[in-house]
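Down below is the structure, laid out as structure tokens.
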There are 2 protein chains.
Amino acid sequence: MAQDKPRKRRKAERPQEILAAAVELFAEKGFALTQMKEVATRAGVAKGTVYLYFKTKQELFEEIVRSNVSPVFNQMEQVLHQSDSSVAELLEKVLNIVYRELVESPTRRAVMRVLIAEGRQFPELVEFYHREVLQFAERLLGMVLAAARDKGEIRDCLAVREPRVVIGPAVMATIWRMTFDDAAPLNIQQFMQAHLDLVLNGLLKPTSCEAGENGSRIGGGV
Amino acid sequence: MAQDKPRKRRKAERPQEILAAAVELFAEKGFALTQMKEVATRAGVAKGTVYLYFKTKQELFEEIVRSNVSPVFNQMEQVLHQSDSSVAELLEKVLNIVYRELVESPTRRAVMRVLIAEGRQFPELVEFYHREVLQFAERLLGMVLAAARDKGEIRDCLAVREPRVVIGPAVMATIWRMTFDDAAPLNIQQFMQAHLDLVLNGLLKPTSCEAGENGSRIGGGV
DNA sequence: ACTGATAATGACCTTCGGGTCAGTAAAAGT
DNA sequence: ACTTTTACTGACCCGAAGGTCATTATCAGT
């Protein structure tokens, strides 16, 4: 029990180890319920050590948020600049990335959850995340949709101006996995397929021949 | 300042007043950050009084959850049993209710937020909410979609088996209003219109005449 | 008016957890 | 070897907040 582990000095590795431990715990229990003592233990150090590398608990969380912003969108931007693909292909690729990197990544889920749950405590961070992640994604998607509309691939519908409605189900899936997955697990693959199909084709049967744009459809364009 | 307000005995009204105050505060600050002292003050009583009516903070929250479960679905069920309407009309009515009662109701947003944020603390409550609200809604919507499919109004697509994908954007809107509305306000009316249009018609242009089911569409039916 | 019953109070208790810092031990310098 | 530097430790501090209870105020019944 009291085996007095041999102290080691590893200044270089500590920050990463502490961040990793913190991410896990924030993902499991949220910000408020995570104790710094626990973070320290999981990182294999004493509580005081954590405070050598991060001034406060909040700064620790901020580091996590900042270090998880960029990677997703590098991929995204690459994909979207193959603009010879059809919207259908493009959207499928985008959704693949979103589901893999956002819905299925424990780290990013954790960030999302804490921001939703306890965002009021750090409004600047919420603003930062919105600007760097959400707004960025929104613009990217908005450009794709607008381009597709201009090429005549998709209808000039409201969703083109409000891309958030397109990725809505993915956000819901993230929330679901964080909260209700024990009660009713979500099959991500299946959900993603349904999402893609719904967004591209809608629920209604294709209008039969005559009357082109109209028919039984409602709520349509602009 | 120290005006020593005249104490009043109002056993009957207290619980409601306390619940109302608590809802407001949970909505503003979440569960953990809301202090019982504050709840008491806002309800116009002293802290001890709150504990005359609710054993613990958690029980106070449980009461809020339980008392906010049923009302939405009474409306919902009524609407859905006018089964002579088209899916388009039905879905529009359902989304109207969902956006009004869930996305725009501070109380229900608060419940949702606390469950997402701090649900780990009360797994039984999460399970309860899932069973009574989400699963119920899912089944209701699932039945509507299945019926519409059988009537031939909508395609036999994956979304019929996974109704959650249909209301996904509404969930996102709820989250958004709780978290990012300061950074970028959401126009609910517009968002709802876009949502309905997207879900019914999809993004792609209607397939032109021949080839009926297929065409440029991908990821389609079952 | 008096009094028993009880709604209401708020000072107090207790626990808990973020943050500190005097001290310890592992490297680096000589 | 010995000293110096500094990464590291964990007992301690202290404010905060959930929950308690002896006391006080209000009201109903007589």
*In whole angstroms, how far is the C1' atom of dG17(C) from the CG atom of Leu60(A)?*
15 Å
*Charged N to carboxylate O under 4.0 angstrom, Glu89(B) versus Lys93(B)?*
no
_Sugar-phosphate or base contact per nucleotide [nucleotides 18-30 of chain C; S, B, -; heavy atom under 4.0 Å]_ = BBB--BBSBS---
*For atom CD of Glu13(A) and atom P of dA7(D), their distance in whole Å*: 13 Å
*Round to a whole Å and report the spacing from OH of Tyr53(B) to C1' of dA8(C).*
8 Å
*To the nearest angstrom, how far is Arg10(A) atom CZ from dT6(D) atom C1'?*
16 Å
Could you tabulate the donor-acceptor pairs under 3.5 Å formed by side-chain atoms of residues 111-121 of chain B, not counting sequence neighbours?
residue   : atom : partner   : partner atom : Å
Arg113(B) : NE   : Ile116(A) : O            : 3.4
Arg113(B) : NH1  : Ala27(B)  : O            : 3.1
Glu118(B) : OE1  : Phe31(B)  : N            : 3.1
Glu118(B) : OE2  : Ala32(B)  : N            : 2.7
Arg120(B) : NH1  : Glu28(A)  : O            : 2.7

*d(CD, Glu59(B); C1', dG19(D)) in whole Å*: 13 Å
*Between P of dG18(D) and CG of Leu25(B), the distance in whole Å*: 11 Å
*Residues two or more places apart in sequence or in another chain: which of them pass side chain to side chain donor-acceptor pair (under 3.5 Å) with Tyr99(A)?*
His195(A)
_Results of side chain to side chain donor-acceptor pair (under 3.5 Å) for Gln35(A) - residues two or more places apart only_ = none
*asked:* Please enumerate all residues that pass side chain to side chain donor-acceptor pair (under 3.5 Å) together with Gln16(A), with sequence neighbours excluded.
replied: none
_Set of residues satisfying salt bridge (charged side-chain N to carboxylate O under 4.0 Å, His left out) with respect to Lys29(B), sequence neighbours excluded_ = Glu38(B)
